[in-house]
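Some notes on the structure that comes next.
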There are 2 protein chains.
Amino acid sequence: MKDDTISGEQLLSMLAALANPHRLRIIAALQSQGRNYVSQLAREIGISRPLLHLHLQKLEDAGLVTSQLELSPDGKALNYFEVSRFALEITPAAIAEAAKSLSTHLDP
Amino acid sequence: MKDDTISGEQLLSMLAALANPHRLRIIAALQSQGRNYVSQLAREIGISRPLLHLHLQKLEDAGLVTSQLELSPDGKALNYFEVSRFALEITPAAIAEAAKSLSTHLDP
DNA sequence: TTCATATGTAAGAAAATTATTACACGTGTA
DNA sequence: TACACGTGTAATAATTTTCTTACATATGAA
């Protein structure tokens, strides 16, 4: 059998990170056009840079994108983001499995 | 090729519906123990009935659960919920595909 | 020096989601 | 009738998320 096991918290954080139209578009853009740095991506998607920064942070916290700070030829610091490789199989059974490890307000 | 196509809005509404710990537990409970009616499910999960009602509504709006009103032997109206059969393949490519049909604030 | 580019982040406003409480209604039984 | 059980929902509060604006910093070029 495949080990598709994932913790409830992990699943939840990925779902929460994906549950936003801007963030879906961000992933789509990085997937289709490849890695990009923050300011440029903000221009392409049409949202403000601080707002994009916030969304990228959520995606990165969930492990869906990664970033790498680089120096451009002309000396600017560019923070490049790219999509992580991920594949979530979302089914009732997978959710039931993951939910076993979801903490409750009743937990010790 | 498989037609895994899904609209951006549809994907988004499912992701949003899943991105909550209570709702994951609801799906897990219905999947593991089978269909159940609202009051009983509320007791099992340990949340109030109105709160469960709200979460069930979101899940139903997203098409992840369905409900059927039935009369118990002793005449009570019981609203039974069960999990829908769904399987979402969440990958960067699938998101890029779905995001094509995501409306923007810039749309006509 | 000044301008244009890049970076990050803090503070507060706005909006959406989540949660509680209280109400209203229906049926069968004591 | 009163109680216990089921249903739904409205109003409000609390919390979280989203968004904007403004500030601070750094580098290269004009």
Side-chain angles (χ1 to χ4, degrees), chain A residues 9 12-27 30 35-62 64-82 102-106, chain B residues 9 12-27 30 35-62 64-82 102-106:
Chain A
E9 314 287 356
L12 188 54
S13 86
M14 289 177 135
L15 289 170
L18 291 170
N20 177 283
H22 284 326
R23 294 198 286 270
L24 287 185
R25 279 190 216 100
I26 290 167
I27 291 183
L30 293 176
R35 64 206 292 274
N36 205 348
Y37 63 95
V38 184
S39 290
Q40 179 59 25
L41 185 55
R43 284 188 291 265
E44 289 181 10
I45 292 187
I47 65 179
S48 74
R49 191 177 53 78
L51 182 55
L52 176 60
H53 184 271
L54 175 150
H55 287 305
L56 283 172
Q57 201 145 286
K58 297 209 172 195
L59 289 171
E60 191 168 30
D61 288 349
L64 301 176
V65 303
T66 56
S67 68
Q68 196 169 357
L69 198 61
E70 296 181 11
L71 284 186
S72 70
D74 67 336
K76 299 280 193 315
L78 305 183
N79 201 7
Y80 276 92
F81 279 81
E82 67 181 320
L102 256 191
S103 62
T104 315
H105 51 93
L106 301 170
Chain B
E9 315 286 354
L12 189 54
S13 85
M14 289 177 135
L15 289 170
L18 291 171
N20 176 282
H22 284 326
R23 294 198 287 269
L24 287 185
R25 277 188 219 103
I26 290 168
I27 291 183
L30 293 177
R35 66 205 290 275
N36 205 347
Y37 64 94
V38 185
S39 290
Q40 179 59 24
L41 185 55
R43 283 187 292 265
E44 289 180 10
I45 292 187
I47 66 179
S48 75
R49 191 178 51 81
L51 182 54
L52 176 60
H53 184 271
L54 174 150
H55 286 304
L56 283 172
Q57 200 144 286
K58 296 208 171 196
L59 289 170
E60 191 168 29
D61 288 349
L64 300 176
V65 304
T66 58
S67 68
Q68 195 169 357
L69 198 61
E70 296 182 12
L71 284 185
S72 69
D74 66 336
K76 300 277 194 319
L78 306 183
N79 200 7
Y80 276 92
F81 279 81
E82 66 181 321
L102 256 193
S103 62
T104 315
H105 50 94
L106 301 171

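In this text, all values refer to a predicted model and were calculated from it rather than measured experimentally. Labels below follow one simple rule: chain letters A, B, ... track the order of the sequence lines, proteins then strands, and each chain is numbered from 1. All heavy atoms count here, side chains included; hydrogens, waters and symmetry mates do not.
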(message) Nearest to the B:L54 side chain among D:dC19, C:dT18, D:dG6, which nucleotide is it?
(response) C:dT18
(message) Side chain of B:S39, heavy atoms from C-beta onward: which of D:dT20, C:dA6, D:dT7 has the nearest atom to it?
(response) D:dT7
(request) Could you please name the option among D:dT9, D:dT7, C:dA4 that lies closest to any side-chain atom of B:H53? (result) D:dT9
(message) Closest approach to the side chain of A:P50, judged atom by atom: which nucleotide of D:dA22, C:dG8, D:dG28 is it?
(response) D:dA22
(request) Could you tell me whether a side-chain N or O of B:R49 sits under 3.5 Å from a main-chain N or O of B:R43, the two making a donor and an acceptor? (result) no
(request) Please report, rounded to the nearest Å, how far the C1' atom of D:dA26 is from the CG atom of A:L71. (result) 11 Å
(message) For a quick test of reading the model, state the closest non-hydrogen atom pair linking A:F81 to A:V65 and the distance between them.
(response) CD2-CG2, 3.8 Å
(request) Please state how far atom CD1 in A:I45 lies from atom C1' in D:dC19, giving the value in whole angstrom units. (result) 15 Å
(request) For the side chain of A:S48, starting at C-beta, report the closest nucleotide among D:dT20, D:dA4, C:dT5. (result) D:dT20
(message) Measuring from the side chain of B:K58 (C-beta onward, heavy atoms only), which nucleotide among D:dG28, C:dT17, C:dT20 has the closest atom?
(response) C:dT17
(message) Checking contacts here: which listed nucleotide (C:dT7, D:dG8, D:dT18) is nearest the side-chain heavy atoms of A:R23?
(response) D:dT18
(request) Please state how far atom CZ in B:F81 lies from atom P in D:dG6, giving the value in whole angstrom units. (result) 15 Å
(message) Measure CG/B:L78 against C1'/D:dA4 and give the value in whole Å, please.
(response) 14 Å
(request) Please determine if a side-chain N or O atom of B:N79 lies less than 4.0 Å away from the OP1 or OP2 oxygen of D:dG8. (result) yes
(message) Suppose we call a contact any N or O donor and acceptor under 3.5 Å apart; does that hold for the side chain of B:R49 and the base of D:dG6?
(response) no
(request) Kindly point out which of D:dT27, D:dT7, D:dC5 is positioned nearest to the side chain of A:K76? (result) D:dT27
(message) Below the 4.0 Å mark, does D:dT7 have OP1 or OP2 next to a side-chain nitrogen or oxygen of B:Y37?
(response) no
(message) Under a 3.5 Å threshold, yes or no: a donor from one side chain and an acceptor from the other, between B:E9 and B:S103?
(response) yes
(request) Output the single nucleotide from D:dT17, D:dC19, C:dT7 whose closest atom is nearest the side chain of A:L51. (result) D:dC19
(message) Tell me whether B:R35 is salt-bridged to B:E70, with the criterion being a basic N under 4.0 Å from an acidic carboxylate O.
(response) yes
(request) Grab the CD1-P distance between B:I47 and C:dA19 for me, whole Å please. (result) 8 Å
(message) Taking 4.0 Å as the cut-off, does a side-chain nitrogen or oxygen of A:R43 come that near to OP1 or OP2 on C:dA6?
(response) yes
(message) Whole angstroms only, please: what is the CG-P distance between A:N20 and C:dA15?
(response) 16 Å
(request) Calculate the interatomic distance between A:D61 atom CG and D:dT17 atom C1'; express it in whole Å. (result) 14 Å
(request) Using modelled atom types only, decide if a donor and an acceptor are shared between the side chain of A:R23 and the backbone of A:A17 within a distance under 3.5 Å. (result) yes
(message) What is the separation between atom CG on B:L18 and atom C1' on C:dT18, rounded to the nearest whole Å?
(response) 17 Å
(request) Considering just the side-chain nitrogens and oxygens of A:H55, establish if one lies under 4.0 Å of OP1 or OP2 belonging to D:dC19. (result) yes
(message) Restricting to non-hydrogen atoms, name the atom on A:V38 and the atom on A:L52 that form the minimum distance, rounded to 0.1 Å.
(response) O-CD2, 3.2 Å
